[in-house]
Amino acid sequence: MRHRSIHWFRKGLRLHDNPALLAATRDCTELYPIFILDPWFPRNMRVSANRWRFLLEALKDLDENLKVLNSRLFVVRGTPAEVFPVLFRKWKVTRLTFEVDTEPYSKQRDAEVECLASEHDVQVIQKVSNTLYDVDRVIAENNGKPPLTYVRMQTVLASLGPPTRPVQAPTPEDMSDCCTPWKPAYEERYGVPTLEELGQDPESLGPHLYPGGESEALQRLDLHMKRTVWVCNFKKPDTEPNSLSPSTTVLSPYVKFGCLSARTFWWRLAEVYRGKPHSAPPVSLHGQLLWREFFYTAGAGIPNFSRMEGNPVCVQVDWDDNAAYLKAWSEGRTGYPFIDAIMTQLRTEGWIHHLARHAVACFLTRGDLWISWEEGQKVFEELLLDADWSLNAGNWQWLSASAFFHQFFRVYSPVAFGKKTDKNGDYIRKYLPFLKRFPAEHIYEPWKAPRSVQQAAGCIIGRDYPKPIVVHEVVRNENIQRMKVAYAKRGPPSTVDAKEPGQSALKKSRKRAAAAATPSVADIFTKITKSGKN
DNA sequence: ATGACCGTTGGCAAA
DNA sequence: GTTTGCCAACGGTCA
């Protein structure tokens, strides 16, 4: 049978290592590559102009690369539920292909689309290519539960062997029997929209540091993989959060949108490592891809992963509701220059170093402001070019000591932490230029500078820049005590027998479930095991 | 089963 | 300038 195929791009905005796209081209007479853009979406969810720009550039690049294959990208306006029945009929579609997406929202959406496809006699092909491994296999291999520690994750992955090798991009030969019917009128109807069409103000864009798209991603990858000594010595904790240009690859936005395949990245690293001594997970570049895998697996297997309530791995904390503190944090007006410089870089450039994320995340939550990690998650979701649902939720739980990481007495200092790698405060001077004339000894704590120094610097604290909204040395200690209380309410740690949840496991989790008003862990993991087997 | 071990990236003072 | 031990003390994993 010769097919008329739709390949549906969602993440995975690339031609390389795209097995679902390849499947679409097999025995195919007509290929329709589509991306669905819901024009109402921006009203429901805050996404920065920077992030929209990255997406639109990725779509533009995809369209250009498809043109080389004699094809085009159709950017379809609407929702999947509205759009697919129309397209199935209009294009007489017989096959729909897309990449597996493991996020709960996506799984539900894709299940609905599968139903629509079946109603229209459209065959559906899904391929794993966003993650290194099939997350369901990882969960199954770990007795039906996502690994909760990195060491455990490594053990499980070791038993699965190295990730699948990436597949090649479609070649003109792959496309020789297959065409994309494109008409000039489609330029307006199915073209890549402008920021204005999405209701975004181009004036609010920051500097154009990280152009979106597969072409840019592969160039950046090549550039970094040539630095073999640097790649082999890479240790994440040794890189600097406050260097004036990024101390890491900044490939994360490209991996998030799938402009760069994680598997392609993994195998390129393996080539660089081969025959040479090199760093290892968790700190190596391979290790960074495994962190992504770790949180993707957690996000797929743990219910309510982006929330505190109903999330069985998340400590239930009595976070404060403090709109003024939250606003000050998100707008870079806490009075702590290191924190405010990071938040300014985030807002203007859309990317900050991982350790900088640690500093501001700790400050917002358990360190200083005692505001829920869910609020920080929303701000990162809006502003980070690389905001990825599972990673964002997982890392916020980590930093707030709500899950995965539990040594809540280790608190980052908003003053001392940055000094370790930037004694002179050049990073602060760059992002908070009104502080740049403070001497190095006062730049991290300008409120302690004598009035004469503030006058000489041309910046009076309390007038031109806020005084600190909290006293770190005081709230830090109070917050550690509050964390102690939250952990004490947790009750005994629950153990889960995945094969056959026994009485003891149920009894143990009952106390905690009652206290937290959440379903028992054993019940949840039983459900996961069952659904994972079908 | 119970205890020991250890965890990507803390801060600080003392040596 | 680097290394060490203390602060007060977490949970998941594994033997």
Side-chain angles (χ1 to χ4, degrees), chain A residues 142-143 145-156 158 233-243 247-248 278-295 298 302 312-317 336 338 342 352-363 365-368 391 394-395 397-423 444-445 472-498 502 504-505 508-509 512 521 525:
Chain A
N142 193 46
N143 304 317
K145 339 159 252 195
L148 294 179
T149 66
Y150 194 87
V151 171
R152 182 73 203 137
M153 181 75 178
Q154 282 179 291
T155 307
V156 172
N233 289 331
F234 185 94
K235 289 183 180 156
K236 188 62 166 280
D238 295 349
T239 60
E240 299 184 3
N242 46 8
S243 51
S247 59
T248 51
H278 58 85
S279 56
V283 295
S284 64
L285 281 167
H286 257 178
Q288 306 315 301
L289 289 170
L290 296 192
W291 279 111
R292 175 176 183 269
E293 202 71 10
F294 176 73
F295 287 124
I302 295 164
V313 303
C314 184
V315 179
Q316 306 293 305
V317 178
Y336 284 94
F338 181 57
I342 295 168
I352 50 177
H353 186 276
H354 189 62
L355 289 178
R357 303 180 194 200
H358 278 214
V360 297
C362 183
F363 189 89
T365 58
R366 67 188 169 86
D368 296 85
L391 281 61
N395 278 306
Q397 285 171 84
W398 183 292
L399 262 303
S400 61
S402 298
F404 310 114
F405 174 87
H406 304 281
Q407 292 156 283
F408 52 75
F409 37 87
R410 290 191 182 172
V411 178
Y412 288 90
S413 160
V415 171
F417 189 67
K419 281 186 185 172
K420 285 197 288 189
T421 47
D422 179 21
K423 233 181 152 213
Y444 282 87
E445 299 172 282
H472 175 71
E473 293 75 7
V474 175
V475 292
R476 186 201 103 102
N477 295 328
E478 290 169 1
N479 291 348
I480 288 174
Q481 294 313 309
R482 290 180 85 171
M483 282 308 281
K484 246 176 100 169
V485 171
Y487 268 77
K489 282 185 187 158
R490 251 192 134 184
S494 65
T495 51
V496 182
D497 185 344
S504 63
K508 275 185 185 175
S509 60
R512 188 174 136 198
V521 181
F525 284 137

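Each chain gets a letter, A, B and so on, in the order the sequences are listed, and its residues count up from 1. Quick note: numbers below take in every heavy atom, side chains included, and nothing from hydrogens, waters or symmetry partners.
- With sequence neighbours excluded, no residue forms a side-chain hydrogen bond (donor to acceptor under 3.5 Å, both in side chains) with A:Glu240.
- Comparing the P positions of C:dC14 and B:dT8 gives a spacing of 13 Å, expressed to the nearest Å.
- Protein atom CE of A:Met153 is 23 Å distant from nucleotide atom P of B:dC6, rounded to whole Å.
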For nucleotides 1-6 of chain C, which of its nitrogen or oxygen atoms have a protein nitrogen or oxygen under 3.5 Å away, and what is each distance?
none

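- B:dT8 atom C1' lies 10 Å from atom CD of A:Gln154, rounded to whole Å.
- Taking atom NZ on A:Lys489 and atom P on C:dC10, their separation rounds to 16 Å, with Å as the unit.
- Partners of A:His406 according to the side chain to side chain contact (heavy atoms under 4.5 Å, CB included) rule, which considers only residues two or more places apart in sequence or in another chain, are A:Tyr487, A:Arg490.
- By the ring-ring contact (aromatic ring centres under 6.0 Å, His included) test, A:Tyr336 pairs with A:Phe363, A:Trp447, sequence neighbours left out.
- Residue-level contact check: A:Lys420 touches the backbone only, with heavy atoms under 4.0 Å from sugar-phosphate atoms and none from bases.
- Take A:Val474 and apply the side chain to side chain contact (heavy atoms under 4.5 Å, CB included) test, not counting sequence neighbours, and it matches A:Val471, A:Glu478.
- Listed pair A:Arg152 / C:dC14 meets the phosphate criterion, a side-chain N or O lying under 4.0 Å from OP1 or OP2.
- For DNA chain B, if you chain together Watson-Crick or G-U pairs that step i with j, i+1 with j-1 and so on, the runs of at least three with distances under 3.5 Å are B:2-7 with C:10-15, B:10-15 with C:2-7.
- Not counting sequence neighbours, the partners of A:Thr239 by the side-chain hydrogen bond (donor to acceptor under 3.5 Å, both in side chains) test are A:His353.
- Atom CD1 of residue A:Ile342 and atom CG of residue A:Asn242 lie 7.0 Å apart, to the nearest 0.5 angstrom.
- Using modelled atom types, one side-chain atom of A:Ser279 and one backbone atom of A:Phe234 make a donor-acceptor pair closer than 3.5 Å.
- Listed by chain and number, the residues in a side chain to side chain contact (heavy atoms under 4.5 Å, CB included) with A:Asn395 are A:Phe295, A:His354, A:Leu391 (sequence neighbours excluded).
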Expected list for residues 409-417 of chain A: side-chain donor-acceptor pairs under 3.5 angstrom, two or more places apart:
residue, atom, partner, partner atom, Å
A:Tyr412, OH, A:His358, ND1, 2.8
A:Ser413, OG, A:Val415, N, 3.1
A:Ser413, OG, A:Ala416, N, 2.8

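- Atom CD in A:Glu445 sits roughly 13 Å away from atom P in B:dG11 (whole-Å rounding).
- Considering only heavy atoms from C-beta on, A:Gln288 comes within 4.5 Å of A:Lys236 through its side chain.
- Put simply, CG on A:Leu285 is 17 Å from P on B:dT8, counting in whole angstrom units.
- Comparing the same atom, P, in B:dA14 and in C:dA8 gives a spacing of 15 Å after rounding to whole Å.
- Proximity note for A:His358 (side chain, C-beta onward) versus B:dG7, B:dT9, B:dG11: the nearest is B:dT9.
- In this structure, A:Asn477 contributes its side chain and A:Glu473 its backbone to a donor-acceptor pair below 3.5 Å.
- Near-neighbour residues of DNA chain B inside residues 400-412 of chain A, defined by a heavy atom below 4.0 Å, number-ordered: A:Gln407, A:Arg410, A:Val411, A:Tyr412.
- Enclosure of atom NZ in A:Lys419 by more than 12 non-hydrogen atoms of other residues, nucleotides or ligands within 6.0 angstrom is indicated.
- Formation of a donor-acceptor pair under 3.5 Å by the A:Arg366 side chain with backbone atoms of A:Leu399 is found in this model.
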Listed pairs, N/O of protein and of nucleotides 12-15 of chain B, under 3.5 Å:
none

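- Spacing between atom CG of A:Leu148 and atom P of C:dC10 amounts to 19 Å, rounded to whole angstrom units.
- Nearest nucleotide to the A:Arg490 side chain, out of C:dC14, C:dG12, B:dT8: C:dG12.
- The main-chain N or O of A:Leu290 is never found under 3.5 Å from a side-chain atom of A:Tyr150 such that the two would form a donor-acceptor pair.
- Computed from coordinates, the A:Trp291 CH2 to B:dT9 P distance equals 8 Å when rounded to whole Å.
- Judged as a side-chain hydrogen bond (donor to acceptor under 3.5 Å, both in side chains), and not counting sequence neighbours, the contacts of A:Arg482 are A:Asp318, A:Asp320.
- Distance A:Leu290 CG to B:dT8 C1': 12 Å, rounded to the nearest Å.
- Here, C:dT13 and B:dA1 have their C1' atoms 14 Å apart, quoted to the whole Å.
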